[in-house]
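Heads up, the thing below is written out as structure tokens.
All values derive from a computational prediction rather than experimental measurement. Just so you know, residue 1 is the first one in the sequence shown, and it goes up from there. Below, each value reflects all heavy atoms present in this structure, side chains not excepted, and no hydrogens, waters or symmetry copies.
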Amino acid sequence: MNFKFLEMSFDEFMTKNETDYEIVKMVTAGQKNCKEIGSLLSCSSETIKRKIIVFSFRIVELYISFLKGNGMEVSKENLYDFYQNSGMVAAYLEKNFTELNCYRGGKSELFLPFYPNLLPYRNLSRKDIFDIEMEVVFLKNKRKMSFEDIGDRLKLTKEKVRCIYNWYYHNKVYCAIEELPAENKTVIKEEVLHFSNSSKKQWEYLCKNYPD
């Protein structure tokens with residue numbers, strides 16, 4: 001990704017990306033979905049999704065750059081790891097660093113209005129993740145709960161819950177493949193990984209076709 005945008009002022013960035021921010025507002029506020037906006041702009045829903053991701057990512061980068069330039073330390077990696085959503089990371093920064101009001105020239109927050117019930121950041125330890133992982137898998141597989149409902153119950157974003165669930169099966173797949181005989185490992189690995197992008201489906205395929 002080109003980081004030339006970091007050389008822009010906030011006003012310059014917003015002027016150049018005004019349309020993308022309007023898209024973010026419509027989708028985040030639930031006014032229109034990506035497919036509907038794509039139809040209006042004669043592009044695919046995937047293009048709209050990418051515009052939202054890129055815009056929110058760049059806002060986070062601009063915020064972090066400003067804060068670090070003024071001597072404030074922010075762990076971008078930890079915030080992304082907890083929220084798994086760049087819009088929420090931007091909202092967290094807007095809520096917790098009033099210095100950004102100056103950066104925006106007194107203009108209102110961009111993302112915080114969309115997340116009035118933003119979860120407080122928590123630094124999750126490895127043990128926390130292990131315990132949460134077991135509960136996420138149980139609630140998803142046995143109770144058939146949605147990622148959003150599980151997130152509400154565990155005080156996590158639905159994106160983080162989905163990430164934990166997928167990572168659980170990702171690890172199971174790779175650990176199982178590592179136990180395969182060396183002569184079969186590469187072939188079976190490619191077979192499994194090409195079967196689906198879903199770690200859960202890869203695990204189910206592996207169990208069904210290579211139970212031993």
Side-chain angles (χ1 to χ4, degrees), residues 1-3 23 27 33-39 42-58 60-61 64 75-89 119 121-212:
M1 182 179 289
N2 190 331
F3 282 81
I23 291 171
V27 172
N33 61 38
C34 292
K35 185 176 181 180
E36 290 169 333
I37 297 173
S39 296
S42 300
C43 61
S44 69
S45 61
E46 291 304 314
T47 298
I48 298 301
K49 289 176 185 176
R50 175 155 180 78
K51 285 179 178 292
I52 293 170
I53 291 170
V54 170
F55 179 87
S56 55
F57 169 82
R58 287 179 171 174
V60 170
E61 291 297 318
I64 296 288
S75 177
K76 176 178 66 178
E77 291 76 16
N78 286 350
L79 290 174
Y80 270 112
D81 182 62
F82 179 73
Y83 288 107
Q84 295 289 323
N85 179 306
S86 52
M88 290 184 189
V89 172
L119 291 170
Y121 167 75
R122 286 149 55 204
N123 188 9
L124 301 173
S125 67
R126 288 187 178 182
K127 183 181 184 306
D128 291 332
I129 291 295
F130 178 79
D131 292 341
I132 291 169
E133 184 180 74
M134 295 298 99
E135 190 163 4
V136 165
V137 172
F138 172 77
L139 293 174
K140 183 65 177 172
N141 292 348
K142 301 298 184 183
R143 295 287 181 82
K144 308 301 180 183
M145 291 174 65
S146 68
F147 289 129
E148 186 169 4
D149 288 342
I150 296 172
D152 289 342
R153 178 165 176 161
L154 302 181
K155 305 302 180 189
L156 297 169
T157 66
K158 66 180 180 182
E159 292 87 351
K160 180 62 174 178
V161 172
R162 183 184 291 110
C163 177
I164 290 171
Y165 185 78
N166 290 340
W167 191 249
Y168 170 80
Y169 283 104
H170 172 85
N171 284 335
K172 286 179 74 69
V173 167
Y174 273 83
C175 287
I177 288 174
E178 285 303 309
E179 295 298 319
L180 293 171
E183 62 270 20
N184 298 330
K185 187 180 296 185
T186 300
V187 173
I188 295 176
K189 180 179 179 180
E190 292 197 6
E191 179 185 334
V192 170
L193 297 183
H194 280 88
F195 172 71
S196 173
N197 291 326
S198 164
S199 298
K200 171 81 178 321
K201 290 181 179 178
Q202 289 170 0
W203 174 249
E204 291 170 343
Y205 179 87
L206 193 59
C207 292
K208 179 181 178 180
N209 293 279
Y210 301 97
D212 298 330

Can you list the residues that meet the side-chain contact (heavy atoms from CB on, under 4.5 Å) rule with [X], with sequence neighbours excluded?
X: Glu183; result: Pro181
X: Ser125; result: Lys127, Asp128
X: Ser198; result: Ser196, Lys200, Lys201
X: Cys207; result: Trp203

Euclidean distance, Asn85 CG relative to Leu119 CG, rounded to 0.5 Å:
11.0 Å
Atom pair CG/OG1 of Asp152 and Thr157 - distance to nearest 0.5 Å
10.5 Å
Please tell me if the side chains of [X] and [Y] come closer than 4.5 Å, counting only heavy atoms from C-beta onward.
X: Asn33; Y: Glu36; answer: yes
X: Ile23; Y: Phe55; answer: no
X: Arg162; Y: Gln84; answer: no
X: Cys34; Y: Ile52; answer: yes

Sequence neighbours excluded - side chain to side chain donor-acceptor pair (under 3.5 Å) pairs with any residue from residues 136-149
Asn141-Tyr165, Asn141-Tyr169, Ser146-Asp149
Parallel, tilted or perpendicular: which fits the ring planes of Phe57 and Phe3, with parallel below 30° and perpendicular above 60°?
perpendicular
Residues in ring-ring contact (aromatic ring centres under 6.0 Å, His included) with [X], at least two apart?
X: Tyr210; answer: none
X: Phe138; answer: none
X: Tyr174; answer: His170

Can you list the residues that meet the salt bridge (Lys or Arg N to Asp or Glu O under 4.0 Å) rule with [X], with sequence neighbours excluded?
X: Glu191; result: none
X: Glu178; result: Lys185
X: Lys35; result: none
X: Lys158; result: none

